[in-house]
Amino acid sequence: MSDKKSKKPHKLKARLPRGFTDRTASDIRATDEMVAKIRGVFERYGFDPVETPAFEYTDALGKFLPDQDRPNEGVFSLQDDDEQWMSLRYDLTAPLARHVAQNINAIALPYRTYRQGWVFRNEKPGPGRFRQFMQFDADTVGAPGVQADAEMAMMMADTMEALGIKRGDYVIRVNNRKVLDGVMEAIGLGGEENAGKRLTVLRAIDKLDKFSPNDVLLLLTTGRWDGGKQGVGDFTEGAGLAANVAENVLGFILDGRFQVESRAGLMEGGKGHTASFTSPVSSAVGGDLFDNRSVHAGVQELANIQQSCRASGYGPDRIRIDPSVVRGLEYYTGPVYEAELLFDVVNEKGETVQFGSVGGGGRYDGLVKRFTGQDVPATGFSIGVSRLMTALKNLGKLGTDDMVAPVLVTVMDGGTEALGRYQKMTQDLREAGIRAEMYQGNWKKFGNQLRYADRRGCPIAIIQGSDEREKGIVQIKDMIEGRKEAAAIESNEEYRAARPGQFEVAEGDLVAEVTKLLAAQAENT
RNA sequence: GCGGGCGUAGCUCAGUUGGUUAGAGCGCUGGAUUGUGGCUCCAGAGGUCGGUGGUUCAAAUCCACCCGCUCGUACCA
């Protein structure tokens, strides 16, 4: 190796841990805008904000991590100096349960509350999936009835629309954990000893929005190769159900909306099968899954939710019963809901990407009880703000940074007295509510000042040199108009002499003239 | 976690049996032009060739391991 290389000091490499990201000005503005809209809906529904910290004791977050007991698996954890384990929250629900339990005597139930915040998951990140991301939650604590769940579904729908997603471009799909639990029971997967197998079956069902019914059938039975055929790529272990049982379950799920509505006496205008997969539903092993008590109870609740939504004018174009909705695997006990976008999301490369759900939630009757011992039923949902923002951005419904860059007051004279005058001009503009800044770089390179203004997107530059000063005027340079005029000029001498887009006004008229020009520019965009 | 692809300047990429001092375009900085963005011309800065180890007289190039990005899959409370 050469001497030159070994002498060179190692520079510290600027980098971020993977799965974390910096947010730009336009990201932050877009997020703020979204959050304000969501908050507007929640406030209108009579919810109040509450905030909990990013850290909780690990045991308060609960052990809802299947197969994993180590505190660092999936969550970011560290030991406090008294050796107690603390973790960064991975959602906003468990911390809320802790907050309610801790203040149970001070809080009037039912407690309607919302909050937004960063949550952290120590998982492999991917496009649109981060290890720190923002959620916005609403919960009703202490409300046992399905009316609270129906309200959640309707509020979700309203939120989607408030965010500019048109009716028909989203749907809130509703299911009930009791239905899935009952199905598991009916096919002989009840009880503790089958917990693992049950999980596999539910995961397979949850894949229906990603895989074809036939692939899901493979997952329910023998397993699936991700390379497309036998022996190619990675093998996913199947649930090991008998073929006819798997078909029965799959048929129940796929034809679920139709079946649930008919069994609950809620048929709406002859809508039928939601997928092409057909199966001999009741003849197969497992019998008629509707005969199961839990399935029956779950369907009844879904019928009530649906009736409530319909009575309030929320049709199946907005809120829809769908037995394939699984949602998280551990703490939900009743109705679950999921918000899904129905339009294609296209990424920067022009590829259509599977977007999946942008929010969801459900009933978690056991979560507060862990702390209090008494039953405190609750239901709520969560919006994936970061994820939804990605979708809206790609859709062009957000993220167009409409903040106008500041007016730049250029500096032609670096003397103390002159700088005071430039500062004064800048302050005058600010006092009139106009974003403005005085150039803070090396004033001696005037070309750089305008180049700065150009790159920053400044709409206007203010120029006052000694000539203007003597005459009591300032030059207002319309950067947008100037760019247009400059395009027609070829020689540099001419270009420099032309001062494109500029006009002179009396010093005293500066604010009025800038205001006028900004208004005119806004008209033309 | 498992499997595939990729990793050379700020960005996009050249660089083939391993062989002098690793290149281009764009961008950046300075100048032509001490008061005008763009155009043009000139000059300059910028590289641990992802990292470590190995093979070799010689490695950006070959081998091993690791790291990172990416696609699929798994996991996702």
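Chain letters run A, B, ... following the sequence lines, proteins first, then strands; residues in each count from 1. All heavy atoms count here, side chains included; hydrogens, waters and symmetry mates do not.
- In terms of position along RNA chain B, the nucleotide closest to A:Lys444 lies nearer the 5' end than the nucleotide closest to the other residue of the pair A:Lys444 and A:Phe235.
- Base pairing annotation: B:A43 forms a Watson-Crick or G-U wobble pair with B:U29, both donor-acceptor distances under 3.5 Å.
- Of the listed nucleotides (B:C76, B:A74, B:G37), B:C76 has the atom at the smallest distance from the side chain of A:Glu123.
- The base-pairing partner of B:G37, taking Watson-Crick or G-U wobble contacts with both distances under 3.5 Å, does not exist among the strands shown.
- Take the nearest nucleotide of RNA chain B for A:Lys477 and for A:Asn448: the residue whose nucleotide is more 5' is A:Asn448.
- Residue A:Arg455 contributes atom CZ, which lies 9 Å from atom C1' of B:G27 at whole-angstrom precision.
- Picking from B:U36, B:G38, B:A74 the nucleotide with the shortest atom distance to the side chain of A:Lys207 gives B:A74.
- Across B:U36, B:G30, B:C69, the shortest atom-to-atom separation from the side chain of A:Lys445 is found for B:G30.
- With no hydrogens or angles considered, a side-chain donor-acceptor pair links A:Asp139 and A:Tyr364 at under 3.5 Å.
- A donor and an acceptor atom never sit less than 3.5 Å apart when one is taken from the side chain of A:Arg496 and the other from the base of B:U36.
- Below the 3.5 angstrom threshold, one finds no donor paired with an acceptor across the side chain of A:Asn492 and the base of B:U40.
- In this structure, of B:U73, B:U33, B:G37, it is B:U73 that holds the atom nearest to the side chain of A:Lys124.
- How far CZ of A:Phe55 is from CZ of A:Phe120: 8.0 Å, rounded to the nearest 0.5 Å.
- Distance from the side chain of A:Arg203 is smallest for B:C76 among the nucleotides B:A74, B:C76, B:U36.
- Across all strands shown, B:G72 forms a Watson-Crick or G-U wobble pair with B:C2, both key distances being under 3.5 Å.
- The side chain of A:Tyr331 sits closest to B:A77 out of B:U36, B:A77, B:A74.
- The side-chain contact (heavy atoms from CB on, under 4.5 Å) with A:Pro95 is formed by just one residue from the set A:Arg115, A:Glu51, A:Glu56; it is A:Glu56.
- Base contact: A:Asp478 has a heavy atom under 4.0 Å from a base atom.
- Judged by atom type and distance alone, A:Gln502 does not reach the base of B:G35 through any side-chain donor-acceptor pair under 3.5 Å.
- With a 3.5 Å ceiling on both atom-pair distances, the Watson-Crick or G-U wobble partner of B:G53 is B:C63.
- Picking from B:U33, B:U36, B:C76 the nucleotide with the shortest atom distance to the side chain of A:Gln475 gives B:U36.
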